[in-house]
Amino acid sequence: MQLTNTKVASQQVSFLDAVRIGLGEQQGLFFPTQWPSLDIDALLELPFVERSAKVLQALIGDELSAEQIHQMVSNAFQFPAPLAQVTDDVACLELFHGPTLAFKDFGGRFMAQALIQAQKQQNVSKTTIVTATSGDTGAAVAHAFYQQAGVDVVILFPKGKISPLQEKLFTTLGHNIHTLAVEADFDQCQALVKEVFNDRDLVKQLNINSANSINISRLFAQICYYFEAVAQVPKDKRDQIVIAVPSGNFGNLTAGLIAKVLGLPIKRMIAATNLNDTVPRYWKDGQWAPNKTVATLSNAMDVSAPNNWPRVEALLAQGKICRDDLEAVMVDEEDTQVSMRQLAHLGYVSEPHAAIAYKALKRSLEDGEFGIFLGTAHPAKFKEQVENILGSPIALPPELAAVASEASLSADMSPDFVQLRQFLLTLDK
Ligand SMILES: *Cc1c(COP(=O)(O)O)cnc(C)c1O
């Protein structure tokens with residue numbers, strides 16, 4: 001499969017090259033210009049790993065063999081994505097049963113597999129992953145590459161702006177996982193990472209790669225669980241499915257739209273944001289006007305300049321989706337809490353990100369439709385908030401209990417590219 005740079009159409013690369021390069025020239029994103037056609041009904045009959053391998057094979061093409069892709073998927077997807085029924089017409093797709101209890105485990109782990117393949121094919125001995133995280137990417141990427149020979153991981157995160165437990169999931173690992181607490185917000189962290197990629201000498205010297213949601217392998221991996229969601233919906237409701245996605249960088253939403261383009265029966269998608277509502281405003285008035293990022297309860301979505309949006313624009317430009325396929329809804333802080341309490345009344349304990357998607361879904365869902373909202377993180381990852389809002393204690397799952405008492409190994413840094421560059425060069429030994 002050839003992938004084309006969304007900004008520089010003359011830059012066309014293979015899947016593994018796109019995985020290795022990450023971001024294209026002039027900060028363009030790699031994206032397909034053509035889409036395979038799939039036998040959806042047959043695919044929906046298959047188990048998760050088998051089906052996912054087939055979907056990814058169709059997207060990636062013959063660059064990797066069917067056996068290789070199957071092996072990569074079975075290494076990466078070692079946990080389920082169950083659809084939990086909340087009411088008769090609403091269910092939550094729980095994507096938090098992986099090692100770091102968030103959906104980013106799917107993309108992070110598949111990307112690690114893809115990068116290992118790219119390294120092998122290209123005889124590269126060492127890769128440095130540099131990524132910014134608003135919370136969950138860091139943990140997923142750190143775990144996916146932990147103690148992987150030939151890979152150093154450097155993670156930038158906004159100091160004090162992610163939940164303490166979330167932070168512990170990736171700052172306590174050590175070994176090849178290096179974490180930097182930056183005195184900045186997430187957008188500034190992301191801007192620093194972009195500066196790294198603009199420094200061609202540095203990128204070449206350290207063989208630097210990004211693992212944030214712009215990497216095409218993460219996006220492709222995320223398409224698979226939309227198929228898994230639909231496969232769990234009773235057949236007589238499959239033509240009435242509406243899916244709401246709690247959105248920050250819009251990778252998850254883009255993956256859902258791709259699934260729809262590939263023929264998966266999704267009536268429409270809903271992008272649900274918190275107060276950082278650049279996309280809902282844009283969808284209404286056509287003005288792209290990011291505001292300063294504000295901190296919210298759903299901190300993994302505190303993004304005002306979502307970096308996957310050009311891919312949604314690409315799908316529109318390709319004529320593969322139209323305006324009616326997507327709604328964009330902002331849910332404020334008050335409604336986030338109301339939504340969590342409403343879910344708790346229904347017997348479903350959730351956390352702020354998923355609760356935003358539930359709220360947006362409820363505002364949109366019509367009679368006869370079947371709504372799915374994405375559960376992007378385990379509620380215990382946001383223990384303090386969830387307990388405050390719901391007024392009842394929740395237990396920590398074993399993964400979190402184990403790291404809660406360990407010391408953070410991260411170093412502090414100001415949002416300064418020169419400092420970051422120096423730090424990266426110390427890894428080149
Ligand atoms: C990353 C994240 C999101 C946002 O996903 P995007 O693909 O960046 O839009 C939502 N919820 C949680 C819990 C996350 O970690």
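All ligand and atom numbering here is 1-based and tracks the order in the structure. Keep in mind it's a predicted model, so treat the numbers as computed, not measured.
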Next on the checklist: Could you work out, for atom 14 (C) of ligand 1, the closest of His378, Lys104, His353, Arg218 by heavy-atom distance?
Outcome noted: Lys104

Checklist entry - Who's closest to atom 5 (O) of ligand 1 heavy-atom-wise, of Phe382, Phe250, Phe103? => result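 Minimum heavy-atom distance to atom 5 (O) of ligand 1 goes to Phe103.
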
Checklist entry - Would you call Val279 and Trp288 a side-chain contact if the rule is heavy atoms closer than 4.5 Å? => result yes

Where ligand 1 meets [X] - atom numbers and elements under 4.0 angstrom, heavy-atom basis:
{"X": "Ala377", "result": "13 (C)"}
{"X": "Asn252", "result": "7 (O)"}
{"X": "Ala300", "result": "2 (C), 12 (C), 14 (C), 15 (O)"}
{"X": "Ser247", "result": "9 (O)"}
{"X": "Gly251", "result": "6 (P), 7 (O), 9 (O)"}

Next on the checklist: Can a donor-acceptor pair be found, under 3.5 Å and without considering hydrogens, that links the side chain of Asn276 to the backbone of Val294?
Outcome noted: yes

Checklist entry - When rounded to the nearest 0.5 angstrom, what distance separates CD in Gln222 from OG in Ser217? => result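 Nearest 0.5 Å value for the CD-OG distance: 9.5 Å.
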
Checklist entry - Could you state the interatomic distance from CE (Met111) to CG (Asn209), rounded to the nearest 0.5 Å? => result 4.5 Å

Checklist outcome for this item: Within the 4.0 Å heavy-atom cut-off, what Glu351 brings close to ligand 1 is neither

Next on the checklist: Regarding ligand 1, does Gly248 bring an N or O atom to under 3.5 Å of one of the ligand's N or O atoms?
Outcome noted: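 Yes: some nitrogen or oxygen of Gly248 is under 3.5 Å from one in ligand 1.
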
Checklist entry - Is Arg323 close enough and on-axis enough to Trp283, meaning under 6.0 Å and within 45°, for cation-pi? => result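 The answer is yes, since Arg323 meets both limits relative to Trp283.
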
Item to check | Criterion side-chain contact (heavy atoms from CB on, under 4.5 Å) on Arg311 and Leu219, from CA distance to verdict | outcome: CA-CA 11 Å; Arg311 286 178 167 140; Leu219 205 60; 3.6 Å; yes

Next on the checklist: Walk me through whether Asp335 and Arg363 qualify under side-chain contact (heavy atoms from CB on, under 4.5 Å).
Outcome noted: CA-CA 11 Å; Asp335 271 354; Arg363 283 187 199 157; 2.8 Å; yes

